[in-house]
2 protein chains.
Amino acid sequence: MARVSQEHLDARRRQILDGAASCFARNGFHATSMQDVLKEVDLSAGAVYRYFSGKEELIAAIVTEVLDTVRGIFERAAQESPPPTPDVLIPRALARMREQRPATLEGGEWMFPRLMIQVWTETTRSPELAVVLGDGYRNVRTAWGEIVESYKDAGLMPADADADAMARTMIALVQGFAAQMALFGGISEQTLGDGLRALMSVGRAPADT
Amino acid sequence: MARVSQEHLDARRRQILDGAASCFARNGFHATSMQDVLKEVDLSAGAVYRYFSGKEELIAAIVTEVLDTVRGIFERAAQESPPPTPDVLIPRALARMREQRPATLEGGEWMFPRLMIQVWTETTRSPELAVVLGDGYRNVRTAWGEIVESYKDAGLMPADADADAMARTMIALVQGFAAQMALFGGISEQTLGDGLRALMSVGRAPADT
DNA sequence: CAACTTAAAACGAACGTTCCTTCTTGACAA
DNA sequence: TTGTCAAGAAGGAACGTTCGTTTTAAGTTG
């Protein structure tokens, strides 16, 4: 087909990205061959190479899409006003993640957390991607640090608590639950909320470090 | 060398495992070629293939070593009596991890968290490894669930809290911080402790789910 | 028909692995 | 103690396969 519509081109590109994402979520970036992707999207090499210059670019496109999604989730969570307490904020962020990227594998496993951990491993390999991830992380850290400050303002927690450390800890919770979703599946945001509430109910013992 | 001592054989095997671990931590399992490993350990193919039947077996050996280490850390943490509160227990678990597997890459990055995330991606590919990981996770969940119960017994938290959910949440914290260490480096267990204390100091809002 | 997309075959490079050779070692006889 | 030998560990070239990519030809649509 010649001079095909822009919608067609966009749709093809998306088809390739979606198919590649399935492959990558299933097998990882480097254990997935181009031929796996070609079979998944049911296109020939010539077609795919018209939209992406190579495997590297395909990987990079998917990695940045995942990172953008995650960054968006975190930042949207930070914009809620007034900010909910962590036991609501964090599960809600994960729920939004599922709303926004609901795709599943054949087995029913939710694809996105799997892609996340694949992206993590890939960023340790690629300095360029590491920069993107690092920038996003820094922004999220400050945004969530501001949430913590607002907790303080609302009298929900002592003013001398370490806001940045708490922000990082909340981010770690999201990452850790994403990991558990990817690895074991069948774990709901509800569980995270219950666990967080339980954790926040623990009376502190005197620090003994 | 013929009929060489058992210590020699063990040392060679360890040399190969250590070198391969460096490669894998740096580039991941499937972006690392056998020739990369051969160069890293400064041995020929003939030598390495005398100790491991192939790349798969090498990967499996390293994955199970990592999983065993992590499981050991979690279980040892669960055996402390009386159990410290989470803000002490969890950073201590990570500190023990560093004690036990202190190896670093050339750049000074701590190798073990990187290996952990590589292992996560590999377990999603291999049903056998997924079983090993799943079994370990189940055990850790119950062990840490018992810690939570002992918190309740000690009057540190309400008796109706969801112990299993809290155990999973604490595990998620360990995983999330491991991810941050792998991805961004330069984050101390101290930060996790501070963040956790801050998190535990937040007054709960009424549940609104 | 012209413009351009797609299919399919084919390419060189790199992969994991094997195979045969070379070298090293420990045991044993003298 | 020394010299010899068999066993086996290590070396390294070579194998067949599979990889990512390119090229060429056919097909399709405005």
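So you know, we letter chains A, B, ... as the sequences are listed, proteins then strands, and number each from 1. Here the structure is a predicted model, which means the values were calculated and not measured.
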Item to check | Rounded distance in Å - CD1 (A:Ile16) to P (C:dT5) | outcome: 12 Å
Checklist outcome for this item: When rounded to whole Å, the CG to C1' distance for the pair A:Asp36 and D:dT18 reads 11 Å
Next on the checklist: Over all strands shown, is B:Tyr51 touching base, sugar-phosphate only, or nothing at heavy-atom distances under 4.0 angstrom?
Outcome noted: sugar-phosphate
Next on the checklist: How about CZ on A:Arg14, more than 12 heavy atoms from neighbouring residues, nucleotides or ligands closer than 6.0 Å, or not?
Outcome noted: yes
Item to check | Among A:Leu192, A:Ile117, A:Ile187, the one residue meeting side-chain contact (heavy atoms from CB on, under 4.5 Å) with A:Met181 | outcome: A:Ile187
Item to check | Atom-to-atom span, CG of B:Leu38 to P of C:dT18 - whole angstrom | outcome: 13 Å
Next on the checklist: In whole Å, I'd like the distance from the CG atom of B:Leu9 to the C1' atom of C:dT25.
Outcome noted: 12 Å
Checklist entry - Expressed in angstrom and rounded to an integer, what is the separation of A:Leu58 atom CG from D:dT21 atom C1'? => result 14 Å
Checklist entry - Crowded around A:Glu56 CD? As in, over 12 foreign heavy atoms under 6.0 Å? => result no
Next on the checklist: For B:Thr69, give me all partners under side-chain hydrogen bond (donor to acceptor under 3.5 Å, both in side chains), at least two apart in sequence or on another chain.
Outcome noted: B:Arg101
Next on the checklist: If only side-chain N and O atoms count, and only distance matters, is there a donor-acceptor pair under 3.5 Å linking B:Gln35 with B:Ser33?
Outcome noted: no
Item to check | Length of the line joining B:Leu43:CG and D:dA10:P, which is rounded to integer Å | outcome: 7 Å
Each nucleotide N or O in nucleotides 12-15 of chain D that has a protein N or O under 3.5 Å away: list the pair and distance.
| from | atom 1 | to | atom 2 | distance (Å) |
| --- | --- | --- | --- | --- |
| D:dG12 | O6 | B:Gly46 | N | 3.1 |

Item to check | Distance, rounded to the nearest Å, where B:Arg12 contributes CZ and C:dT24 contributes C1' | outcome: 12 Å
Checklist entry - How about B:Val202 and A:Met166: do any of their side-chain heavy atoms sit closer than 4.5 Å? => result yes
Checklist entry - Rounded to the nearest Å, what distance is computed from the CD atom of residue A:Gln15 to the C1' atom of nucleotide C:dT6? => result 12 Å
Next on the checklist: Tell me which one of B:Ile171, B:Leu173, B:Thr169 satisfies side-chain contact (heavy atoms from CB on, under 4.5 Å) with A:Phe177.
Outcome noted: B:Thr169
Checklist outcome for this item: Whichever of A:His30 and A:Arg50 has the more 5' nearest nucleotide on DNA chain D, that residue is A:His30
Checklist entry - Is any side-chain N or O of A:Tyr49 closer than 4.0 Å to OP1 or OP2 of C:dT6? => result no
Next on the checklist: Base, sugar-phosphate or nothing for A:Thr32? Non-hydrogen atoms, less than 4.0 Å.
Outcome noted: sugar-phosphate
